[in-house]
Amino acid sequence: MRARTRTGGLLALTAATALILGACSGGTDDSGGETDAATTGGGGEKITIGIKFDQPGLGFKEGDTYTGFDTDVARYVAEKLGYSEDQIEWKEAPSAQRETLLSTDQVDMIFATYSITDKRKETVAFAGPYFVAGQDLLVAEDNTDIKGPEDLEGKNLCSVTGSTSAQRIKDEYAAGVQLLEQPGYAECVTALLSGQVDAVTTDDIILAGLAAQPANKGKVKVVGAPFSTERYGVGIPQSSDKCEDINAAITEMIEDGSWEEAITTNTEGTGYTPNASENPPTPDACA
C-alpha cells in the first residue's frame, strides 16, 4: 500500500514539474527558436506613452480615439519597439507634469511637444528630436499685413496664460503690442475669428493643428515665418535603455516617408510646411 502511494506521488510530482517547466519556457517560432515576450512586446505587456490630450493636430483625445502628429510618431516608434497599438496605454502628459511622470516611472516615453533643453536633461533623458518647431503667428486667412512679429506693433496678440511666447514678442520685436491671455489656444482662435485680436502665437505646428480643425479651416492661416527653434524630443526616464532603438525608429520613419505623411495628414488644408532648414531632423547621439 505504501509503495503504490509513493509511486503515485512521484508521478504527480513529475507531471507538475513538466507543467511548471513548460510554463516557464518561451514559446517557439516556426523555425523552432524561442520567442521573447519582452522583446516582441507580446505576452500581454503594455507600454505607457504620455501625450497631450488637448492639442488638435498633435495630441488630442476624443472619446477613446487619440489623434495627431505626436501620436502618429508614438505609434510608429512603439511598433518598431515591438508593441502593437492595443498594447499602448495612453496617459495625459500636461506640460507641467512631464518631468514628474518620467522621473517617477509613470510613463515609458513622452511625445508631447516636449522641447529638448539642458535644464530638462538634469531630470530626464531624451531621444530624437523627431521634429523642429518654431514660434510663429496665426492670423485671419485674408490678412496681408502681418508677415512676422515686427508687424504686431500696435496690434492685439493672444497667447495662453503662463506662456512666455507673447511676452517674447513684446520684449524683442514689438514693444507696443497689446497682449491678451486666454486659458487655452482654442479660446485664442475664437478671439481671432471674432476680431478681438489680430494674431495668436505659439509653436508653428501647434498653430497648424488648430488651423486644420474643421471649424477653422479656410478662416485662419499660419504666417510661416518661424522666429525660434524648438526641438521636440521623446522624453524617457534617465534609466531607460530605449534611446538608440527610438532614434533608429525615428530615422526609419523619416526615410520611408511615414514622417512626411503624418505631417501632411495632421495639417491638411492649412498651407503649412515645416521649416525646411531644420526638418526633417537628425536624432542626436544618445548620451
Side-chain angles (χ1 to χ4, degrees), residues 41 46-95 98 101-102 107-116 126-134 136 185-186 202-214 216-217 222 230-236 242-243 245-276 278-284:
K46 295 280 187 182
I47 186 166
T48 304
I49 301 178
I51 60 170
K52 294 290 182 66
F53 280 8
D54 59 353
Q55 282 187 343
L58 285 155
F60 192 69
K61 180 181 187 291
E62 188 171 18
D64 294 328
T65 303
Y66 301 88
T67 58
F69 176 67
D70 281 352
T71 61
D72 288 344
V73 178
R75 287 186 184 94
Y76 189 101
V77 170
E79 182 182 1
K80 294 302 177 182
L81 294 179
Y83 296 89
S84 60
E85 184 163 357
D86 61 4
Q87 290 175 299
I88 298 174
E89 180 180 333
W90 301 107
K91 187 175 182 68
E92 185 171 18
S95 296
R98 291 176 299 200
L101 290 170
L102 288 167
V107 294
D108 298 296
M109 304 186 290
I110 286 181
F111 296 75
T113 61
Y114 201 6
S115 295
I116 301 170
F126 287 95
Y130 61 90
F131 187 80
V132 181
D136 211 325
Y185 289 110
T202 186
D203 292 353
D204 54 1
I205 193 169
I206 296 176
L207 296 174
L210 292 164
Q213 294 308 292
N216 302 329
K217 272 190 177 181
V222 181
E230 305 294 338
R231 304 167 71 245
Y232 291 172
V234 183
I236 52 178
K242 292 183 170 68
C243 180
D245 291 336
I246 294 170
N247 279 353
I250 291 169
T251 300
E252 186 172 347
M253 185 178 189
I254 291 168
E255 291 176 347
D256 71 14
S258 300
W259 181 92
E260 185 174 359
E261 182 181 351
I263 289 283
T264 302
T265 299
N266 289 292
T267 62
E268 187 176 5
T270 67
Y272 171 76
T273 56
N275 184 345
E278 300 285 352
N279 289 290
T282 300
D284 298 338

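No experiment lies behind these values; they were computed from the predicted model shown.
Under a 4.0 Å N-O distance rule, the pair Glu85/Arg75 qualifies as a salt bridge.
Of all the heavy atoms in Lys91 and Thr48, the pair that sits closest is CB-CG2, 4.1 Å.
Residues meeting the ring-ring contact (aromatic ring centres under 6.0 Å, His included) test with Tyr66, sequence neighbours left out: Phe53, Trp90. Taking the side chain to side chain contact (heavy atoms under 4.5 Å, CB included) definition, one finds that Ala249 meets it with Val77, Lys80, sequence neighbours left out. Under the rule for a side chain to side chain contact (heavy atoms under 4.5 Å, CB included), the partners of Asn279 that lie at least two apart in sequence or sit in another chain are Phe131, Val132, Trp259, Pro274, Asn275, Pro281. Annotation: side chain to side chain contact (heavy atoms under 4.5 Å, CB included) contacts of Ser95 (sequence neighbours excluded): Lys52, Arg98. Under the rule for a side chain to side chain contact (heavy atoms under 4.5 Å, CB included), the partners of Thr202 that lie at least two apart in sequence or sit in another chain are Tyr185, Ile206, Leu207. Residues that satisfy the salt bridge (charged side-chain N to carboxylate O under 4.0 Å, His left out) test with Asp284, not counting sequence neighbours, are Arg231.
Here the side chain of Asn216 pairs a donor or acceptor atom with the backbone of Leu210 at under 3.5 angstrom. At least one donor-acceptor pair closer than 3.5 Å links the side chain of Asp70 to the backbone N or O of Thr113.
The closest side-chain heavy-atom distance from Asn247 to Tyr130 is not below 4.5 Å. The shortest distance between side-chain heavy atoms of Glu268 and Thr264 does not fall below 4.5 Å.
Enclosure of atom NZ in Lys61 by more than 12 non-hydrogen atoms of other residues, nucleotides or ligands within 6.0 angstrom is indicated.
Partner Asp72 forms a side chain to side chain donor-acceptor pair (under 3.5 Å) with one of Thr265, Thr67, Asn266 and no other, that one being Asn266.
A donor-acceptor contact under 3.5 angstrom links the side chains of Asp256 and Tyr76, judged on distance only.
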